[in-house]
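The structure under discussion appears below in the form of structure tokens.
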Amino acid sequence: MTQIILHHPENITRKMAPHHDVSNSQKSKGHTSQNSASFAGFLHYPTNRDNSLKTSHTWISGKRIDDDVGPYWRIHNKLYDLTDFIDKHPGGKDWLLATKGTDITEAFESAHISTAAENTLPKYYAKDISTPRNSPYTFHDDGFYKMLKRKVRPILKKVGRGPTWSMVVLQDSFALTFMLLTVAACLTESYTLVILAGIVLGMTGNCAHNFFHQRDNWRMYYFDLMLFSSYDWRISHGLSHHLYTNTIYDIEISALEPIWEFLPKSDKSFMKRYGSWIYEQFIMPMALFIEAVKRIYHQYSGDMKLRPENLLPVVEFILMAVVSSSVGMAFRLWVVLHMACSYWFAAIGVVVAHHHPDIYHQGDAMREDKDWGLCQLDAVRDRVEVTGNLFLVSISFGDHSLHHLFPTVDHSKLPYIYPVFMETCKEFGVPFKFMRTSELIIGKYLQLAKNTPNVNPPGYKSS
């Protein structure tokens, strides 16, 4: 889970391959079309994937090279110039500024459920593009995802897509509880209380993840209290992990390497397969600090700019120093606070939805029907103990399958979609199953130990 603040596209220096010739573009990256089978349908191996410093900045700038669409936004086989629409975008301008020069087909389809966005696009049409998309995923009108979206549309038109009062109260209660516990810890100089405050801060951030997927809103900045950046996570999580889950284009796979090697690689060392049981205990408490150091380094080097919300943890420390008996005590409590938060967030994040030998990881055989929605379901599992409980959903990334399919819909509205979702799964012969949390915890370590891919694609039935 690696983040970094992203420059606006016009500030990124990069080499663009000619976009009139696919073979030339691929050769400029050191790959040819004959290699695409090795990339599970992607035309290119991701530019910048093997950088020692993997960040959302390197990911999106690499994707810009791989997609090769010049100054436009690509949706399916058309190019659009959305420059004049940036300030009018209902979701906020950062989404469009960040994705200029890339193929946003998956992002466009999953973010927009109504037909309003589709009806707006023709105003900004620039030209057709004949080169194939880098992504292997499809969105056929008679496919799983588009059919499900048509069924979901009238439901969300009736109940809305935004948060219910229950979700708002939960989010603000987490934040208030974190603040009260932190003040109490400072006044009493209690490490026990500050550890509890750190855990609640982790819950606050988990819940705020729901809000940064939506249109700009102030509650998404709760996420920045954790030393992370909500802006960066919109790139690395929203545009990378959510759209290309468990593939080589998922930065939440590549950024964890070589600490956690989730892809079934034949050359995994013994330590990578079995050592994480031990060494992750020392790494998880430091995850937030590692990300903060990366961000500070890139700000210092001029690769990115400081955003106001990046200073929230600094304000947090200053307020703790005011309440504590000394600056030194405040600093110690602040460090322990974020270590506890970091451990909670990392421990939850790597086990709750995506890693188990039965879940698709690139290297496994891929399904023949590359409908984007079906491929998402192949790479996600939900927990039976969590679904139906908004509290647990909000603090532990619950209802994850529907969240991946409809990321801009508030978690509190996802239960309304379940009936038509299960109906569509049945129509397409998708055996949607829940797992227990214990299965996913064990499955994480089984997946790490795995060095041979699944030879049968998801949904395969032997004769």
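Heavy-atom neighbours of Arg215 CZ from other residues, nucleotides or ligands within 6.0 Å: at or below the threshold of 12. When the shell of 6.0 Å around CZ of Arg150 is examined, it contains more than 12 heavy atoms from other residues, nucleotides or ligands. Under a cut-off of 6.0 angstrom, the local environment of NE2 in His140 is sparse, with at most 12 non-hydrogen atoms contributed by other residues, nucleotides or ligands. Heavy atoms from other residues, nucleotides or ligands lying under 6.0 Å from CH2 of Trp165 number 12 at most. Environment of CE in Met422: crowded, with over 12 heavy atoms of neighbouring residues, nucleotides or ligands closer than 6.0 Å. The local environment of OH in Tyr416 is sparse, with at most 12 non-hydrogen atoms from other residues, nucleotides or ligands closer than 6.0 Å.
Annotation for Met284 and Ala346: closest pair CG-CB, 3.8 Å, computed over non-hydrogen atoms. Closest approach of Asn246 and Tyr360 over heavy atoms only: ND2-O, 2.9 Å.
Separation of atoms CZ (Arg133) and CD1 (Ile75) is listed at 10.5 Å; rounding is to 0.5 Å. Leu374 CG to Lys370 NZ: the interatomic distance, rounded to the nearest 0.5 Å, is 11.5 Å. Here CG of Asp66 is found 11.0 Å from OG1 of Thr102. Values are rounded to the nearest 0.5 Å. Here the OH atom belonging to Tyr244 is positioned 14.5 Å from the CD atom belonging to Glu252, to the nearest 0.5 angstrom.
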Give the intermediate values and the outcome of side chain to side chain contact (heavy atoms under 4.5 Å, CB included) for residues Tyr45 and Asp50.
CA-CA 10 Å; Tyr45 185 81; Asp50 296 330; 2.8 Å; yes
Please report the C-alpha distance between Met203 and Asn206 in whole Å, then the side-chain angles of each, then the deciding distance to 0.1 Å, and finally whether the side chain to side chain contact (heavy atoms under 4.5 Å, CB included) criterion is met.
CA-CA 5 Å; Met203 295 178 178; Asn206 286 355; 5.6 Å; no
Run Ser401 and Phe432 through side chain to side chain contact (heavy atoms under 4.5 Å, CB included) and show every step you take.
CA-CA 10 Å; Ser401 298; Phe432 183 77; 3.4 Å; yes
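Taking the six-membered ring for Trp and the full ring otherwise, the centers of Phe228 and Phe345 sit less than 6.0 Å from each other. Taking the six-membered ring for Trp, His241 and His404 have ring centres closer than 6.0 Å. Taking the six-membered ring where the residue is Trp, the centroids of Phe428 and Phe144 are separated by under 6.0 Å.
Salt bridge annotation for Arg234-Asp216: present, with a cationic side-chain nitrogen under 4.0 angstrom from a carboxylate oxygen. Salt bridge Lys444/Glu439: absent, no basic N to carboxylate O contact under 4.0 Å. A salt bridge links Glu261 to Lys272: one of the charged nitrogens lies within less than 4.0 Å of a carboxylate oxygen. The pair Glu309-Arg307 meets the salt-bridge criterion, since a charged nitrogen lies less than 4.0 angstrom from a carboxylate oxygen. A salt bridge links Arg367 with Asp378: the distance from a Lys NZ or Arg NE/NH1/NH2 to an Asp or Glu carboxylate oxygen falls below 4.0 Å. Look at Lys268 and Glu257 and you find no salt bridge, because none of the NZ, NE, NH1 or NH2 atoms lies under 4.0 Å from a carboxylate O.
The side-chain hydrogen bond (donor to acceptor under 3.5 Å, both in side chains) test applied to Tyr418 returns Asp399, not counting sequence neighbours. Lys151 is linked by a side-chain contact (heavy atoms from CB on, under 4.5 Å) to Met147, Val420, Glu423, Thr424, Glu427, counting only residues two or more places apart in sequence or in another chain.
A donor-acceptor contact closer than 3.5 angstrom links the side chains of Asn210 and Asp410. Judged by distance alone, the side chains of Tyr222 and Asp172 do bring a donor and an acceptor atom under 3.5 Å apart. With 3.5 Å as the limit, one finds no donor-acceptor pair spanning the side chains of Thr58 and Asn51. For the residue pair His361 and His356, no side-chain donor N or O sits within less than 3.5 Å of a side-chain acceptor on the partner.
The backbone N or O of His213 sits nowhere less than 3.5 Å from a side-chain atom of Thr408 that would complete a donor-acceptor pair.
Side-chain contact between Glu280 and Tyr445 is present, with heavy atoms from C-beta onward closer than 4.5 Å.
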